[in-house]
Structures are given as structure tokens and as C-alpha cells.
Engineer: 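Dumping the structure here so I can ask a few things about it.
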Number of protein chains: 2
Amino acid sequence: MIVTYLENCLKEVSVDCVIFGFDGSTVKVLLSKWKNIDYWSLPGGRIKKMEALNAAAQRILQERVGLKEVFLQQFNVFGEINRCEHYDELETTKLIEKSIGEDLSKIPIKHRVLSVGYYALLDINKVKAIPDEYTEECRWMELNEIPLLLFDHNEMIDLAIRTLRREVKYQPIGNLLPDKFTLAEIQKLYESVLDKTFDRRNFYKQITKQDFLVKLAEKRTGSANKSPNLYRFDQSKYEQALEAGMGF
Amino acid sequence: MIVTYLENCLKEVSVDCVIFGFDGSTVKVLLSKWKNIDYWSLPGGRIKKMEALNAAAQRILQERVGLKEVFLQQFNVFGEINRCEHYDELETTKLIEKSIGEDLSKIPIKHRVLSVGYYALLDINKVKAIPDEYTEECRWMELNEIPLLLFDHNEMIDLAIRTLRREVKYQPIGNLLPDKFTLAEIQKLYESVLDKTFDRRNFYKQITKQDFLVKLAEKRTGSANKSPNLYRFDQSKYEQALEAGMGF
DNA sequence: TATTTATGCGTAATTCATACGCATTAAAAA
DNA sequence: TTTTTAATGCGTATGAATTACGCATAAATA
């Protein structure tokens, strides 16, 4: 029951997560399809009464993708009175009622909810996305094929990607990569996030002079050509660089 | 009465403002001294039930300094369970009770409050800061002489100034200046915000090539030397630059 | 007239971003 | 073994942006 669930949580604030994932070639966003209706939204959740805000975001992320140690950052609070972007409030309420099979008018909470937006970066291949009790499917979607979402979630994604593009110049984004990766992969990652291409040789020169990249003895074999080297992040140097705010 | 005031507001979220002001030579922060106790905090307030978050921040700013058209931006939500940084929760409660002369244990609200942090930029000489009902004095303080504040407000200021220093590279900060100003003043502003010095000639070359600066016929007379020229911002070009995210 | 700052221009050194050439290496396929 | 296909690791040129600093001149008041 939705009422009992809400009892242990803050009622005026929630958390929504724009979870960016990289699959080796493009950056995608994780969306959830609600039960019984053909509408999607960002994964989100409530903050427990005795839970720190950032801890709540981390828990919600973990519930959805089973991962904790990822880059997760606040980027905006969405606090308009009416946060239904595409459909009006009544229409949205009806959709939610149809989806969860409950009469929302019976629920004593009758006010708008602010939502703290977080964005997360992770490697798609490391996770298995799991729907929550209101949703029946999780899907990674390309940035350019996101449908009309419930609430103000299109706006959230838009602001999250713009924030990421700005921030990426000052922070390494290793959390989107697998533990071991090739230089071509990290280049594709940057190209996908920033939506432009780089000259391979210049990119290699710049990235390899960063000391948080460690060249492994291993190679990725399998294709009909010279095998590319594998690299990994030096965790402590990576964090130092994050701290110092290095750029790329 | 605090109870009736709170009735029309959201109870789990509040707004706190780090208001930066420039007086022609250094950047300062506006602090409020609570009644009956020797403790200071940032100006803040509640969000009304039917008021957008950003509108609430704007209203709170206006109540405190009488100005509306200033740069005002969210920078973080503070959501720890215990937001009393220096003194523990009990001690802080006692201080507040002593200050407002009410028994907080009688108030039905018994949970922590999240706070959305905003920072604002304005010209000190344009405003007259007014205390609210809980505070008896507003004072502009230098960044390096801020005392231990109530709640987590030292942390808020710290994060706000770091955010401002990062953002200032992408946004003109004209709201800190008077309507008419000299090149030396805008240089002092940048130096104060970024806490470093610039070569005057290079600074002048860069700033004057920005087309949102308009040189006036007027000069600032009075001192025993050549009078410096006055400048103003071209409002529409200034906003364009803000929009485009120009840097300096 | 002396002193003090404001103004505006020039120039060199340096760093950084970007474009692109080329020789070599190594994996699998033919 | 040879061929094909990428991967790797240089080098180099160009232009833009940053930074440091010299210097001539203007215009206020003391």
C-alpha cells in the first residue's frame, strides 16, 4: 500500500535519478516503464525520515541497479508548483491511478512534491537494472530517442546532460567505463558524452599523459588486427585528480 | 507565533541564501544575528505551500534586501540528518529557544529539515539589509572573518564560494556592480571573487573587447589624478552573454 | 608645475588546441 | 606465408589564447 510506504518517508521531497550508462559505444539513460500504461519516467524514490539525502539517492540507485560505488551527484531541485510538463495534473493523476490501481484522492497527502535531481555515471555492462514495485520494465535509452516522459522528467534529463557536459571538462568520468578498457573505448566515451569527435592521435597524447591511467600488460584479443592495449584507472590518483578538478 | 507561520509553508524543506555583495573593493556575505544570543546565521526562510521553489528564494531575498532583479542560483541541497555542524542538536535547540522565546518541544514538527542553498550576487550599495522577526541585525562580513555560524551555514558559505569561483569563469557577474563602474572596480571585483590579481593591461584588453560593456561619456571625478571612465552593462548583450555562457 | 593615476598600444614568450603525416607493430584471415 | 586491418607512437606545423611587461600620453588635483 502506498500509504504505509509513505509513512516512513519525507512527504514533501523526493529523489529522481538520471542514470547515465556507457555500453562501449554510446551513452544511454535508464528509464522505467510504469505498469498498465505506456508511459516512462526516471527511476526515483522517497527519502526516509532518518536518512541523509545523499544516502537516500545512493539507496535508490542501488535498489534499481544494484551498484553503490558510482559517481552520483545532485544537479538541481525541481520545485515548480505543477511539475507535469506535457500532460496536466489531472491527466497525470489519472495515469498514475491507472498504473498503480489505487485511488489517489483517498490518500491524505495533497500537496506538490519537490524533487532533488541526481545524476549517476556507470558502466551498463556491470549492472542489471531491476524495476521497482510500480514499474514493469527498465530500459537503457539513447539520448536522442527518449519519449515524452511523465512529470518534468524530460526537463530533468535535459538539464542533467547539460550539467554533465559542463562538468566533464573538470572531472574524469571513469565510472562509466569497465574496469579494463582500451584507449579507443575511452575516446568513444568522451565523444559520446560531448557529442563530437576527436583526433585519435591528439586524444591519445592527452589522455596517456594523465597519470591516473595505468597501462596493463593485457590486451583485448579477438579481432582480425593488432590487439589494443587494456588500461585501468589508478584509483587513488583518479580520486586525487577528481579532487583537484583536473580537466580534459 | 511560529506555529501559525509554519502552517502555510512546507515543513520539510527550507531555503537558505548566501548573499554575496561587493562594496567596490571586496566581496562580502550577508549574515543575520539572532535575537538574545550571540550567534549568527545565513538569511533563510520557508517555502509557501503554493509557491515555486525559485520564487520562494526570490521572495526571501527580497524580504531581506529589498531587491528582486539579482542573480540568484541554487547550488546545493543540504540534507544531512543532523545539520548542526559545531554544536550538537540539543545545544542548538536551546540556543534557538533562548533566542525566539518559545518552547520548541511544544511544536508538533519534530523532524529534520532539508535546506536548498541559493547564492545571490548584488551590489552592497544598492541595498539596505533588514533583519527578519527572529534576528536583530544584518551585517556584511568579509569572507575571511566569518564566525562560527548556527546549523551547517559555514559549510554552505564554503560551498557557495567554491561554486561561485567555478561559475564565474562562464558567467559575467555584473549583478555585484553598481550601475556605473570603472574598469578598476570590475577588476577588483574579479580579483576579490577569485582571490588573485591580474595584470591591469591584460585585464583591460580582455574586458573591453566584451561587447556587453558600454563606455560612458561620464567620468568619476574627485581624486587628485586623471578621472577614470565610467562603464555600464548593455543589459540585453549582458543577458545574451550569460545565456551563451561566455567566459572570462 | 609636480605628482599621481588612468588609458591605450605594442610585443615577446609560452602554453594549448588542432590538424595531419608517417613508420611500425601485431592480430587474424586468406 | 602473405594480406588485410587496426593499433601505436612518434613528429611537426599552425593558430589562438594567456601572460608578462615596456612605454608614451592624458588629465585630474595639490
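Not measured: the values here are computed from a predicted model. All values below come from the heavy atoms of this structure, side chains included, with hydrogens, waters and symmetry mates left out.
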Engineer: Please state how far atom CZ in B:Arg200 lies from atom C1' in D:dG22, giving the value in whole angstrom units.
Structural biologist: 12 Å
Engineer: Grab the CG-P distance between B:Asp199 and D:dA17 for me, whole Å please.
Structural biologist: 19 Å
Engineer: Do A:Arg201 side-chain and D:dG9 base share a donor-acceptor contact under 3.5 Å?
Structural biologist: no
Engineer: Atom CZ of A:Phe203 and atom P of D:dA7: how far apart are they, to the nearest Å?
Structural biologist: 14 Å
Engineer: Just jot down the side chain to side chain donor-acceptor pair (under 3.5 Å) partners of B:Glu51, sequence neighbours excluded, or say none.
Structural biologist: B:Arg59
Engineer: Using side chain to side chain donor-acceptor pair (under 3.5 Å) as the criterion, list what pairs up with B:Lys126, not counting sequence neighbours.
Structural biologist: B:Asp179
Engineer: How long is the line joining NZ of A:Lys205 and P of D:dG9, in whole Å?
Structural biologist: 13 Å
Engineer: Write out a two-atom table: protein N or O, nucleotide N or O from nucleotides 26-30 of chain C, distance below 3.5 Å.
Structural biologist:
| from | atom 1 | to | atom 2 | distance (Å) |
| --- | --- | --- | --- | --- |
| C:dA26 | N3 | A:Lys226 | N | 3.3 |
| C:dA27 | O4' | A:Asn225 | O | 3.2 |

Engineer: List the residues meeting side chain to side chain donor-acceptor pair (under 3.5 Å) with A:Gln62, not counting sequence neighbours, and say none if there are none.
Structural biologist: none
Engineer: Listed by chain and number, what are the ring-ring contact (aromatic ring centres under 6.0 Å, His included) partners of B:Phe233, not counting sequence neighbours?
Structural biologist: B:Phe181, B:Phe212, B:Tyr238
Engineer: Sequence neighbours left out, what pairs pass salt bridge (charged side-chain N to carboxylate O under 4.0 Å, His left out) with at least one residue falling in residues 223-232 of chain A?
Structural biologist: none
Engineer: With nearest nucleotides of DNA chain C determined for B:Asn202 and B:Pro228 from heavy-atom distances, which residue corresponds to the more 5′ nucleotide?
Structural biologist: B:Pro228
Engineer: Quick one: B:Lys188 NZ to C:dT5 C1', roughly how many Å, whole number?
Structural biologist: 12 Å
Engineer: Between B:Lys196 (NZ) and D:dT18 (P), how many Å, whole number?
Structural biologist: 11 Å
Engineer: Could you tell me which non-hydrogen atom of A:Val116 sits nearest to which non-hydrogen atom of A:Val13, and how far apart they are?
Structural biologist: CG2-CG1, 4.0 Å
Engineer: Within the pair B:Lys215 and C:dG8, is there a side-chain N or O less than 4.0 Å away from OP1 or OP2?
Structural biologist: yes
Engineer: Using the side chain to side chain contact (heavy atoms under 4.5 Å, CB included) rule, pick out the option among A:Lys188, A:Glu191, A:Gln206 that qualifies with A:Phe198.
Structural biologist: A:Glu191
Engineer: Rounded to whole Å, how long is the line connecting atom CZ of A:Phe198 with atom C1' of C:dC16?
Structural biologist: 14 Å
Engineer: Report the distance from atom CD of B:Gln210 to atom P of D:dA17, rounded to the nearest whole Å.
Structural biologist: 12 Å
Engineer: I want to check one thing: is the phosphate of D:dA7, taken as OP1 and OP2, less than 4.0 Å away from some side-chain N or O of A:Asn229?
Structural biologist: no
